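Report on one structure; see the data block that follows.
Count residues from 1 along the sequence. Because only heavy atoms are used, hydrogens play no part in the values below, and waters and symmetry mates are left out as well, while side chains stay in. Since the model is a prediction, treat every value here as computed from it, not as a measurement.
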Amino acid sequence: MLACTSGLDCSGFVSKAWDSGHWATASVHQTSSAIDAAQMLPGDIFNDAGYHMSMHHQVLANGDPEFYESVGYNVHLSHPGWAWVDGFIPRRYDSITGTSAAPPEGTLHDPIAVSSFPYTDARNTSASLSDMLDGCGVSPNTSESGPEYVYAVTITQPGTLTAMV
């Protein structure tokens, strides 16, 4: 960065995060590929050539997207909704490694299936990649922040279900 600058713009932030050399909104297509928005992973971007790019972070529990953006010489998390990237092209850096198109198990997008009873699981939530559920309707003023595992249970007959956490 030049000594006379005071921050970085959106393309400078993405280029630095990708460690790719500098790519502007109008040239980032030379080092990335268009993908379907449903395939977005953390680090992918939404790009509007000549205007702006936002780096995808995650989809929140309510379905809204969360982005990293550099606007006004400051990188911050933003939650502007899907309309913010309407018309933008979802893109993935061509040289990215260590990613998976499948969501990690135990998230809202890929819950751990409980297929039979009795069921026992001894996972430690500190190892979970999911950190989206931070409250509970039963006690709305109690913080439930931190990572969690998400399970899916299908009940096919009447009975009693007991869960211990």
Side-chain angles (χ1 to χ4, degrees), residues 1-115 121 123-136 143-152:
M1 186 175 296
L2 298 173
C4 62
T5 61
S6 61
L8 70 158
D9 65 1
C10 60
S11 61
F13 165 67
V14 169
S15 296
K16 193 71 168 164
W18 283 357
D19 194 23
S20 64
H22 188 263
W23 298 96
T25 59
S27 62
V28 73
H29 68 278
Q30 296 174 32
T31 193
S32 64
S33 300
I35 60 173
D36 187 88
Q39 297 174 313
M40 295 294 284
L41 294 171
D44 293 336
I45 64 167
F46 285 94
N47 184 59
D48 185 358
Y51 173 61
H52 186 62
M53 60 176 71
S54 293
M55 182 174 280
H56 177 71
H57 177 239
Q58 67 180 349
V59 175
L60 301 171
N62 67 359
D64 286 344
E66 186 171 63
F67 305 109
Y68 284 109
E69 295 193 278
S70 184
V71 179
Y73 304 107
N74 187 17
V75 176
H76 62 276
L77 271 174
S78 66
H79 310 89
W82 288 109
W84 175 244
V85 292
D86 188 35
F88 286 46
I89 297 173
R91 306 196 70 84
R92 178 166 295 146
Y93 179 45
D94 290 334
S95 296
I96 198 158
T97 60
T99 63
S100 169
E105 183 182 43
T107 64
L108 289 171
H109 301 290
D110 187 20
I112 299 164
V114 176
S115 57
D121 193 357
R123 296 171 202 254
N124 182 330
T125 59
S126 67
S128 175
L129 297 177
S130 179
D131 189 2
M132 297 175 68
L133 306 173
D134 292 335
C136 176
S143 173
E144 298 289 342
S145 61
E148 67 274 328
Y149 282 108
V150 179
Y151 295 84

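Counting heavy atoms from C-beta on, the side chains of Ile112 and Arg123 come closer than 4.5 Å. Looking only at side-chain heavy atoms (C-beta outward), Glu66 and Leu60 come within less than 4.5 Å of each other.
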Next on the checklist: Quick one, Tyr68 with Leu77, criterion side chain to side chain contact (heavy atoms under 4.5 Å, CB included). Give me CA distance, side-chain angles, the key distance, then yes/no.
Outcome noted: CA-CA 5 Å; Tyr68 284 109; Leu77 271 174; 3.5 Å; yes
Item to check | Full working for side-chain hydrogen bond (donor to acceptor under 3.5 Å, both in side chains) between Tyr151 and Asp121 | outcome: CA-CA 10 Å; Tyr151 295 84; Asp121 193 357; 2.6 Å; yes
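Looking at Trp18, its side chain does come within 3.5 Å of a backbone N or O of Gly43 through a donor-acceptor pair. Between the Ser15 side chain and the Trp23 main chain, a donor and an acceptor come within less than 3.5 Å of each other.
At most 12 non-hydrogen atoms from other residues, nucleotides or ligands lie less than 6.0 angstrom from CD1 of Ile89.
Nearest heavy-atom pair, Ala26 versus Ala49, reported as atom, atom and distance to 0.1 Å: CA-CB, 4.1 Å. Taking each heavy atom of Val28 and Thr25 in turn, the nearest pair found is CG1-O, 3.9 Å. Minimum heavy-atom separation, His22 to Asp9: NE2-OD1, 4.4 Å. Counting all heavy atoms, side chain and backbone alike, Phe67 lies closest to His56 at CD2-CA, 4.1 Å. When all heavy atoms of Val85 and Phe46 are compared, the pair lying nearest together is CG1-CB, 3.6 Å. What you find for Asp19 and Tyr93 is that their closest heavy atoms are O-OH, 4.1 Å.
Ring-plane geometry between Phe88 and His52 is classed as perpendicular, the angle between the planes exceeding 60 degrees on a 0 to 90 degree scale with a lower cut at 30.
Atom CE of residue Met40 and atom NE2 of residue His57 lie 12.5 Å apart, to the nearest 0.5 angstrom. Taking OG1 of Thr107 as the reference point, atom OH of Tyr149 lies at 11.0 Å (rounded to 0.5 Å). Atom-to-atom distance recorded for Ser33:OG and Ile96:CD1 is 11.5 Å, nearest 0.5 angstrom. Between the OG atom in Ser11 and the CE atom in Met53 there is a gap of 5.5 Å [rounded to 0.5 Å]. A distance of 10.5 Å separates CG in Asp36 from CZ in Arg92, rounded to the nearest 0.5 Å.
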